[in-house]
2 protein chains.
Amino acid sequence: MTTREQIIQSADNLIREKGYNAFSFFDISNVVGIKKASIHYYFPQKSDLGVAVIEEHLLRMKNIIDAYKDKSPVEKLDKFISVYSKVKTEKQICIVGSIATDFYTVDENMKTKLKEFTTVVLDWVRSFLEEGRKEKVFHFDGPGHTKALMIITSLLAIVQLSRVTGEKDFNIVKNKIKEDLLKK
Amino acid sequence: MTTREQIIQSADNLIREKGYNAFSFFDISNVVGIKKASIHYYFPQKSDLGVAVIEEHLLRMKNIIDAYKDKSPVEKLDKFISVYSKVKTEKQICIVGSIATDFYTVDENMKTKLKEFTTVVLDWVRSFLEEGRKEKVFHFDGPGHTKALMIITSLLAIVQLSRVTGEKDFNIVKNKIKEDLLKK
DNA sequence: GTCTATAGCAGGATAGAC
DNA sequence: GTCTATCCTGCTATAGAC
């Protein structure tokens, strides 16, 4: 992994663990093994790094969407939920929730990039939910967009809430989402 | 309102708007009209103020629970949702989500107090959901605790997410929660 | 109780050597 | 590319006058 990639990965972990405003270039330097000033060579400003982190999530998500293009709606759902499971075991939260919390303190470029990422995720979830309903494997009422919101919000919040209430609640929510979708 | 109360209210607004790590005593001094050093008279450390803010939420929630003791489950639900509506119009997020995001950076006292608050809220929501199901006005499958988690997470996350995607999505989720509960 | 003054530290960012 | 050195700013917190 290049130094640039290591910095992005480290920043991503830190943002989702401690929040954007709580992590520093010094934190990263400890992980990557270069001095904090050297990070500015790759990312002149902190917000440049913030944008790069969101961009990385966008890229990964697009790769997942592409790789799962021809798979079943259930497989897509499982994959989507598994992203949050990984998040949870690492004691980190969703990038969207983390930056949304600090939304009114971050750079305009980060806001724009986060909107882009959120749109891509919402569209994908909505589309495989509607696909699943058409195939009669998923059952839910109302617009796909609404159901996508209900699922995404439950996952986004439970990774935060279960920091307070414990891991068990994360598994309850995770299972309930799938159960409700499959139930006639 | 006493100076102490003004400080707490101002801190509460700031924490839920910008996040715990982004607000400063100087921000508060601008709102309350005293110098930042004077705030230490009431709250020696920043975390003391953080604890007081959560305590205030706890007190308000207990007052609501008590005031709605003899009301119907639907009225309790409406009241609970209305708390988030107020949150939303003020561009602020839920205190639990805000501090959960910064969870691994805050004082142990704040963690403990947040757990206490979260437990009180979860217990209340679970209890009026089960009450409503018994009276056959609410309809849902599975444990009341699970349904309480699904509702709380949806609200907690949509006040964050709708900062990014827009107010409309907040109303969609708000309405969907009630619709799903009332639907046979 | 509120003020001024200041200590002490950490953060983002830049300059210039290597 | 990475380093050392440094600047500047903003923050929490304390001391002591009024």
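Throughout, protein chains are lettered first and strands after them, A, B, ... in sequence-line order, and every chain is numbered starting at 1. Values reported hereafter were calculated over all heavy atoms of this structure, with side chains retained and with hydrogens, waters and symmetry mates removed.
- B/Phe25 places its CZ atom 17 Å from the C1' atom of C/dC3, with the value rounded to the nearest Å.
- Note on A/Ser24: only backbone sugar-phosphate atoms sit closer than 4.0 angstrom, heavy atoms only; bases stay farther off.
- One atom, NZ of B/Lys35, and another, C1' of D/dA13, lie 17 Å apart when rounded to the nearest Å.
- Between the CD1 atom of A/Ile7 and the C1' atom of C/dG12 there is a distance of 15 Å, given to the nearest Å.
- Following rounding to the nearest Å, B/Phe26 (CZ) and C/dT2 (P) show an atom-to-atom distance of 18 Å.
- Nearest heavy-atom pair, B/Glu116 versus B/Leu58, reported as atom, atom and distance to 0.1 Å: OE2-CD2, 3.4 Å.
- Among the nucleotides D/dC3, C/dT2, C/dG12, the one closest to the side chain of A/Ile34 is D/dC3.
- Using a 4.0 Å heavy-atom criterion, one finds that A/Phe23 contacts the sugar-phosphate atoms exclusively.
- Picking from C/dA15, C/dG11, D/dT2 the nucleotide with the shortest atom distance to the side chain of A/Ala37 gives C/dA15.
- Taking 4.0 angstrom as the limit, A/Lys46 places a side-chain polar atom (N or O) nearer than this to OP1 or OP2 of C/dG12.
- In summary, B/Arg126 and B/Glu130 engage in a salt bridge, as defined by a charged side-chain N under 4.0 Å from a carboxylate O.
- Phosphate proximity of D/dC3 to A/Tyr41: absent, as no side-chain N or O sits under 4.0 Å from OP1 or OP2.
- What separates NE2 of A/His40 from P of D/dC7 is a distance of 16 Å, to the nearest Å.
- B/Glu5 places its CD atom 16 Å from the C1' atom of C/dG1, with the value rounded to the nearest Å.
- The phosphate of C/dC3 has OP1 or OP2 within less than 4.0 Å of a side-chain N or O from B/Ser38.
- When the C1' atom of D/dC11 is taken as reference, atom CD1 of B/Ile28 falls 13 Å away, rounded to whole Å.
- Contact record, A/Ser98 with A/Tyr20: OG-N, 4.4 Å, taken as the closest heavy-atom pair.
- A/Phe23 carries A/Lys46 over the face of its six-membered ring, with the cationic atom under 6.0 Å from the centre and within 45° of the normal.
- Distances shorter than 4.0 Å separate some side-chain N or O of A/Thr3 from OP1 or OP2 on D/dT2.
- For the pair B/Gln45 and D/dA13, the criterion of a side-chain N or O lying under 4.0 Å from OP1 or OP2 is met.
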TODO: Start with the C-alpha distance between B/Asp12 and B/Arg60, add both sets of side-chain angles, then the distance that settles salt bridge (charged side-chain N to carboxylate O under 4.0 Å, His left out), and finish with yes or no.
DONE: CA-CA 13 Å; B/Asp12 180 36; B/Arg60 275 203 298 253; 3.5 Å; yes
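- Remark: C1' of D/dG10 and NZ of B/Lys36 are 7 Å apart, rounded to the nearest angstrom.
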